[in-house]
There are 2 protein chains.
Amino acid sequence: MAVTLADVATRAGVSAATVSRVLSGNYPVAGATRTRVMRAVEELQYVVNGPASALAAATSDLVGVLVNDIADPFFGIIASAVQGEMGTGVQGGSGGQKLAVVCNTGGSTESELTYLTHLQRQRAAAVVLTGSGVEDEKHGAALATRLRRLAAGGTRIVLCGRPPLAPPGQKEGQESQEARERGQDHGQGQGQEQDPERAHGREAARTPPDEGEPAPAPGDGIVTIAFDNRGGSRRLTEHLLSLGHRSIGYVTGPADRTTTRDRLEGHRLALRAGAPELLAQAEQFTVHGGAYDRSSGYDGALELLRRVPDLTAVLAANDTVALGICAALRDQGLRIPEDVSVAGFDDLPFSADASPTLTTVRIPLHDAGARAGRLALGRETPPPGGVATVRTELMARGSTAPPSGRRA
Amino acid sequence: MAVTLADVATRAGVSAATVSRVLSGNYPVAGATRTRVMRAVEELQYVVNGPASALAAATSDLVGVLVNDIADPFFGIIASAVQGEMGTGVQGGSGGQKLAVVCNTGGSTESELTYLTHLQRQRAAAVVLTGSGVEDEKHGAALATRLRRLAAGGTRIVLCGRPPLAPPGQKEGQESQEARERGQDHGQGQGQEQDPERAHGREAARTPPDEGEPAPAPGDGIVTIAFDNRGGSRRLTEHLLSLGHRSIGYVTGPADRTTTRDRLEGHRLALRAGAPELLAQAEQFTVHGGAYDRSSGYDGALELLRRVPDLTAVLAANDTVALGICAALRDQGLRIPEDVSVAGFDDLPFSADASPTLTTVRIPLHDAGARAGRLALGRETPPPGGVATVRTELMARGSTAPPSGRRA
DNA sequence: CTGTTAGCGCTTTCAC
DNA sequence: GTGAAAGCGCTAACAG
């Protein structure tokens with residue numbers, strides 16, 4: 001089990017320090033010596049002892065990636081992109097490569113905290129938290145504290161796909177409340193988001209862009225790549241409205257998630273602007289799904305049909321839920337989109353191949369994940385204010401069409 | 001960044017050794033002392049330094065999970081199951097929990113080796129290699145050597161979804177060659193696999209089952225959970241044959257993968273047994289896809305249609321490829337299954353919801369992954385011979401039907 | 001350019 | 001039961 005640095009040193013006839021220098025490569029060493037050392041390494045099949053070097057150097061090459069559900073392609077794609085930036089690709093070298101640790105929280109807040117502890121134990125170089133956060137007052141505070149402590153300890157923190165942390169002193173949710181208000185008067189619903197950044201205008205204005213060196217982000221150094229869920233959802237509902245739908249159901253994601261809230265808000269904003277008369281009965285048209293999964297969509301659609309027999313369109317929390325909705329509708333003998341239109345969210349790979357092809361909102365998951373990865377490595381300058389909002393794009397496809405008045 | 005064991009010790013008025021004992025819990029400590037220590041830990045927000053303890057204890061709590069493509073649900077499901085066994089769930093404790101590190105190799109052999117090095121550096125407690133291995137003579141040897149060295153160093157190795165390593169002295173591929181021969185006369189094609197274990201009969205016979213203590217597996221201690229790809233594929237083709245198809249195309253996965261080979265073999269076995277006259281033109285009906293992805297299916301189907309205009313059925317390397325095939329077929333104005341039947345493999349979640357629902361072969365990915373996880377932790381006794389083969393099940397659904405003689 | 005010298009923070013005998 | 005002390009294997013100043 002052994003073979004240590006010292007063994008290599010002896011074998012090569014040099015000191016341990018020299019071997020260390022050769023291996024880490026960040027120090028001048030004579031060519032001949034280097035060769036000799038390398039040969040000894042080869043012969044002895046020496047492999048660095050990670051823990052020992054992490055201890056001595058007080059740094060580790062671990063980067064944690066927290067995901068809510070690794071079996072869900074939404075997270076798989078992001079995780080894959082993050083990892084793609086770690087440089088452990090084909091280049092085989094031994095340079096500054098990091099090891100991305102994908103941690104599956106299952107959406108549980110405790111699990112999230114537990115993993116954070118693990119990563120803190122390992123003195124992780126960075127942590128990327130992906131996807132929807134949980135909207136719990138208590139957890140939010142605990143999480144924020146923990147993250148800031150980690151950041152203070154030198155671990156880079158990147159949030160990807162969730163809103164930025166509320167500022168320290170501030171009450172949970174207050175920030176988003178404000179953004180919500182502003183949301184009402186932004187965008188005219190013509191597909192193109194005018195300025196997603198404005199949703200976090202105040203944050204963004206706080207500090208001027210850092211130029212040059214990949215510096216720690218402003219404020220607490222925690223960087224955020226948010227998704228414009230609200231805007232995308234709004235445009236999606238506008239699309240339905242413009243097709244002539246007036247009986248639009250909505251199957252949401254889990255109640256306490258930021259993503260769920262934002263998407264629902266976007267939907268309501270569109271209604272308010274384009275068909276305010278529908279707002280009164282909004283609750284009746286909304287089913288709160290228990291999870292971002294297929295069965296949640298299946299059951300939700302059934303419930304919706306029960307409540308609103310003349311439904312002409314259903315919006316889903318995401319593409320997977322939409323698939324479940326489609327299955328339920330079909331089982332009820334309804335055709336898509338002739339009888340009922342269906343739309344998802346995320347534009348996962350299977351959505352373009354579904355039958356009919358699924359209307360949805362595209363989030364550039366891969367790009368966002370890659371950027372998060374670069375940020376985590378400090379290879380990219382953080383956006384001004386530490387927050388960037390990623391645009392989303394309406395993908396109008398075959399599963400939505402004008403209502404045909406099947407019954408009524 | 002600090003707060004060390006010593007700080008806690010001082011605060012609690014005990015020695016560092018005592019704090020260590022309290023924290024690891026595997027040593028008698030007076031109740032009062034324990035309480036005092038715990039309080040100090042709380043107050044100081046102490047978090048163990050992983051590298052330091054790993055160095056001192058010469059063990060780590062990392063478990064590596066190598067996957068070919070984390071964005072593919074096939075791997076996501078397995079990884080999720082493995083991680084589910086690590087016990088980092090809600091139980092929050094600090095006991096023998098392990099941290100599962102999901103590593104995305106992208107199917108690259110170098111990347112696989114690189115990750116193994118990283119993991120070895122970290123002195124990982126176990127490594128789980130999932131999915132199809134690459135059939136390269138050179139790589140196979142390098143990988144086997146590396147794996148055995150890791151195993152010798154105390155790291156548990158589990159292969160999940162790929163065939164067992166060839167015995168040390170033996171030539172690559174020889175083992176499977178033999179199994180292949182035997183495959184020809186096993187099973188009468190009636191859906192139920194008679195005895196998948198027989199495929200590795202020789203291995204299995206080598207050593208009697210270990211009872212009692214989760215002992216290191218027999219032989220080199222490397223445990224394998226293989227999937228019965230060949231049997232499943234065979235039954236799938238039999239299904240098509242029994243529906244009356246005689247013009248069956250096949251879009252394979254990447255050429256050098258064990259999974260690709262096994263599934264193709266199963267297909268050929270079924271043909272040989274049920275419709276030997278088709279064997280002669282088999283090559284013409286086979287398109288070698290470049291990857292396990294959608295576009296590979298799309299392009300493959302187009303090519304197949306070009307070669308064989310009167311095609312009545314297409315088999316896909318997996319479900320994702322099948323989706324691409326469906327898309328291509330539809331784009332050509334063909335109906336599924338009326339004009340052409342399509343079948344996939346794996347039974348990923350979306351397959352049951354596809355339209356039409358996809359005929360495929362189910363692999364119990366979650367169960368297999370969970371078992372691999374338990375094996376990796378030494379919480380389950382290895383199967384006799386160190387190899388278990390997981391059964392696969394034909395899921396006949398809506399995408400396959402008798403040929404209708406659309407044209408001829 | 002290379003060797004020497006201290007630790008990094010924790011675990012673990014070995015005494016008390 | 002608890003403390004003292006000796007490293008685990010490596011890195012990072014310092015000297016040469």
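Per chain, numbering begins at 1; letters A, B, ... match sequence-line order. Atom set for the values below is all heavy atoms of this structure, side chains included, hydrogens, waters and symmetry mates excluded.
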Arg123(B) side chain to Thr59(B) backbone, donor-acceptor under 3.5 Å: no
Given dG3(D), dG3(C), dT11(C), which nucleotide is nearest the side-chain atoms of Ala56(B)? dT11(C)
Where the side chain of Arg21(B) is defined as all heavy atoms beyond and including C-beta, which of dC8(D), dT4(C), dC14(C) is the nearest nucleotide? dC14(C)
Between dG3(D) atom C1' and Leu5(B) atom CG, what is the distance in whole Å? 14 Å
N-O pairing of Glu85(B) and Lys98(B) below 4.0 Å: no
Determine: side-chain N/O of Ser20(A) to OP1/OP2 of dT11(D), distance under 4.0 Å, yes or no. yes
Using only side-chain N and O atoms of Ser15(B), determine if any of them is under 4.0 Å from OP1 or OP2 of dA4(D). no
Quick one: label Val19(B) by what it contacts on the DNA or RNA (base, sugar-phosphate, nothing), any heavy atom closer than 4.0 Å. nothing
Check Leu99(A), Val63(A), Val65(A) against Met86(A) for a side-chain contact (heavy atoms from CB on, under 4.5 Å) and give me the one that passes. Val63(A)
Atom-to-atom span, CG of Leu55(A) to P of dA12(D) - whole angstrom: 11 Å
Between C1' on dG1(D) and CG on Asn26(B), what's the gap in Å once rounded to a whole number? 15 Å
Please determine if Arg162(B) and Glu112(B) form a salt bridge, counting it only when a charged side-chain N lies under 4.0 Å from a carboxylate O. yes
Checking dT2(D), dG7(D), dC10(D) against the side chain of Ala30(B) (C-beta onward), the nearest is dT2(D)
So among Val128(B), Thr130(B), Leu116(B), which one has a side-chain contact (heavy atoms from CB on, under 4.5 Å) with Leu66(B)? Leu116(B)
With no hydrogens and no angle check, is any side-chain donor or acceptor of Ser24(A) less than 3.5 Å from a backbone partner on Ser20(A)? yes
Nearest to side-chain heavy atoms of Thr33(B), which nucleotide of dC8(D), dT2(D), dG3(C): dT2(D)
Residues from residues 34-50 of chain A lying under 4.0 Å of DNA chain D - heavy atoms: Tyr46(A), Asn49(A)
Interatomic distance where CZ belongs to Arg123(B) and P belongs to dC8(D) [whole Å]: 14 Å
Length of the CD-P vector between Gln120(B) and dG9(D), whole Å: 15 Å
Of the nucleotides dC1(C), dA12(D), dT11(C), which has the atom closest to the Pro28(A) side chain? dC1(C)
Just by modelled atom types, is the Ala141(B) backbone N or O under 3.5 Å from a matching donor or acceptor in the Thr145(B) side chain? yes
Of Tyr27(B) and Ala6(B), the one whose closest DNA chain C nucleotide lies more 5': Ala6(B)
